[in-house]
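Notes follow once the structure below has been shown.
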Amino acid sequence: MMKAVFRRPKSMFSVPTHYCPGCGHGIIHRLLAEVIDEFGIREKVVGVAPVGCSVLIYNYINCDMYEAAHGRAPAIATGCKRVHPDLIVFTYQGDGDLASIGTAEIVHAATRGENITVLFVNNAVYGMTGGQMAPTTLLGQKTTTSPFGRASKREGYPIRIAEMLATLEGATYVTRVSVHSPRAIIAAKRALKKAFEIQINGLGFSLVEFLSQCPTGWGISPTEATKWVEEKMIPYFPLGEFKVPKSEKSLK
Amino acid sequence: MSEKVLITGNEAIGEAAIQAGCRFFFGYPITPQNTIPEYLSYRLPQVGGCFVQAESEIAAIYMVFGAAGAGARVLTSSSGPGISLKQEGISYIAAAELPCVIVNVMRGGPGLGGILPSQSDYFQATKGGGHGDYHLLVLAPSTVQETVNLVMDAFDLADKYCNPVMVLADGYIGQMMEPVEFKKRPSKELLAKDWAVTGAKNRPRSLIKSLYLNPEELEQHNLKLHKKYLEMAEYEVRVETYLTSDAEIIIAAYGTVARISKTAIKILREKGIKVGLVRPITVFPFPYKTFADISEKVDDVLVVEMSLGQMIEDVKLGVCGRAKVHFYGRVGGMVPTYDEIVREVDKIKESKA
Ligand SMILES: Cc1ncc(C[n+]2csc(CCOP(=O)(O)OP(=O)(O)O)c2C)c(N)n1
Ligand code: SF4
């Protein structure tokens, strides 16, 4: 007897994605779909897609969805959740989307303690528009708009979103994970599951920051990109939980 | 039995929305519309609704996007600078074909401008406002009672066309107290919103979006939107004509200015000058035909606005060169008085003598 050990999550459409080889978005989509399946909540889930490489996430995840304007997903999620508190609402946002143009929206959604889950994909560049500097671009990192390498005097410092949002009273769960290795991916899934569980239990705002490979934007191979996450990104963006529910026990 | 209550225009807007079944409001404070959110912040919870003071007008309009997409009747209100910030979201709402109601209690601009009444946002309201090829349906009340009626209608129209509807008021209407009646409407079945995002249970999933990367698809989408605007022009035009049948001169004005013009017309008629008024109630779709018809009968149309000439462009399109179009405007929060209007009409009359 053959036993299936690996299959496409039910919440994923059976189509190839448009992502570049080695891109982290596909991995994170899959984790999202697996978590939706495992909680059996597909019919209650509403997603908000960002502007960025993952704008077409709705072509891959089979649930009700909105497509937001650049940076505004948390406000749309707020409007939806206020109308239907019983739905499970998530936003999926890149680092240009969430950490630059949409900083006000994410800070205040967290401040209000909106009971939503945010998947924040930090790949240190603007992927979709061609690899420009992002607010998360590392010091010294060359991009198409920081051709000399990011210098703090000229371009300021990379922003640590998870640490910043963790200071907000309204945020319940804030964590940073990575998808550069199988081991990291397993931990990332655990964090994402916890984030959704917090929403399902009505405990408030949860955000998972994913460090994610963008080989195209970084101008290196997929293998080099996973190494770059390990060697360059993680030292500046440490992995771990920055805020957990006041009583971890409140999770069933 | 409904009875009359004495209420300001702003509070009347809030109450009318509630009576029309609106249970969600998202906004940000700005004068002279603050009493709308203040009123709704205590009234909405009383009726099981939800009021959120957003971090900005940008966030507020996207909360409206989210709530409208989730199938709710939803309202936001603001004034000039705040409406400017909302324009991005309004474009997305029009593109995604979501029904909602937006109130602009106009104040003087540009920039921070002032906080007193004006009609400076006519272009912004009627010609799109944000990016892309789209229109709002725009209703311009001139009394508090009419504001109540139009706010209620606005929700029905928004649902009917799956389009944002703007109520274009000014600071006068917002702050003025008048006795109004909230007439019980024949309870209509609300239109089913089977496109809304509610969780994909026992149905294909819903998707609310505005991105069409394929130019042929985007053109089809643009044409579909355009068809709605043509339908609005065919079925939704509202206009009041006042003493026009024997008029030799027509005043064109909307909102507060139309009210003042009526007083001027009374005085002019006592002096023996036959003047009438054409008052657009929908400024998009604009009553071009009324102006076309009028221009067959009179030689002079005087447009009066609290701007330096915005609606006049639409009046000219309607008149199409068949009558002379004159203009009088006050700006910055200054309001044209009836004797100023009388004087302008006198000037037209003299120039013909
Ligand atoms: C208001 C607005 N400004 C700019 C853009 C152009 N734009 C599209 S995607 C993008 C950057 C997205 O980068 P990020 O959020 O990091 O996501 P990634 O593509 O890297 O996944 C920009 C600037 C836009 N669509 N809208
Ligand atoms: S540009 Fe980067 S983020 Fe975008 S699909 Fe390619 S690898 Fe992924």
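Atoms considered below: every heavy atom in the structure, side chains included; atoms not considered: hydrogens, waters and symmetry mates. Throughout, a chain's letter reflects where its sequence line sits, starting with A, and its residues are numbered from 1.
Looking at B:Val74, neither its backbone nor its side chain comes within 4.5 Å of chain A, counting heavy atoms on both sides. With a 4.5 Å cut-off on non-hydrogen atoms, B:Ala196 touches chain A through its backbone but not through its side chain. For A:Ile88, no part lies under 4.5 angstrom from a heavy atom of chain B.
Contact tally against chain B (heavy-atom pairs below 4.5 Å) for A:Ala69, A:Ala109, A:Ala104, A:Pro74: the top residue is A:Ala69.
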task: Take A:Glu209 and A:Arg176 through the test salt bridge (charged side-chain N to carboxylate O under 4.0 Å, His left out) and record every step on the way to the result.
output: CA-CA 5 Å; A:Glu209 173 172 344; A:Arg176 184 182 291 117; 3.0 Å; yes

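Summarising the local packing, CD1 of B:Ile115 is surrounded by 12 or fewer heavy atoms from other residues, nucleotides or ligands at distances under 6.0 Å.
One side chain, A:Ser11 or A:Asp37, offers a donor N or O that lies under 3.5 Å from an acceptor on the other. At a cut-off of 3.5 Å, with distance as the only test, no side-chain donor of B:Tyr62 or A:Glu105 sits close to an acceptor on the other residue. Under the 3.5 Å distance criterion, with hydrogens and angles disregarded, a donor-acceptor pair is assigned to the side chains of B:Lys86 and B:Thr76.
A:Asp64 has its side chain within reach of B:Arg203: a pair of non-hydrogen atoms, C-beta onward, lies under 4.5 Å apart.
Cation-pi contact between A:Lys193 and A:Phe39: present, with separation from the ring centre below 6.0 Å and deviation from the ring axis of at most 45°.
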Side-chain atoms of residues 91-98 of chain B: list all donor-acceptor pairs with protein atoms under 3.5 Å, sequence neighbours left out, distances to 0.1 Å.
from: B:Ser91; atom 1: OG; to: B:His131; atom 2: O; distance (Å): 2.9
from: B:Ser91; atom 1: OG; to: B:His131; atom 2: NE2; distance (Å): 3.4
from: B:Glu97; atom 1: OE1; to: B:Lys228; atom 2: NZ; distance (Å): 2.9
from: B:Glu97; atom 1: OE2; to: B:Lys224; atom 2: NZ; distance (Å): 2.7

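Residues of residues 16-46 of chain B that come closer than 4.5 Å to chain A, counting heavy atoms only, are B:Phe24, B:Phe26, ordered by residue number.
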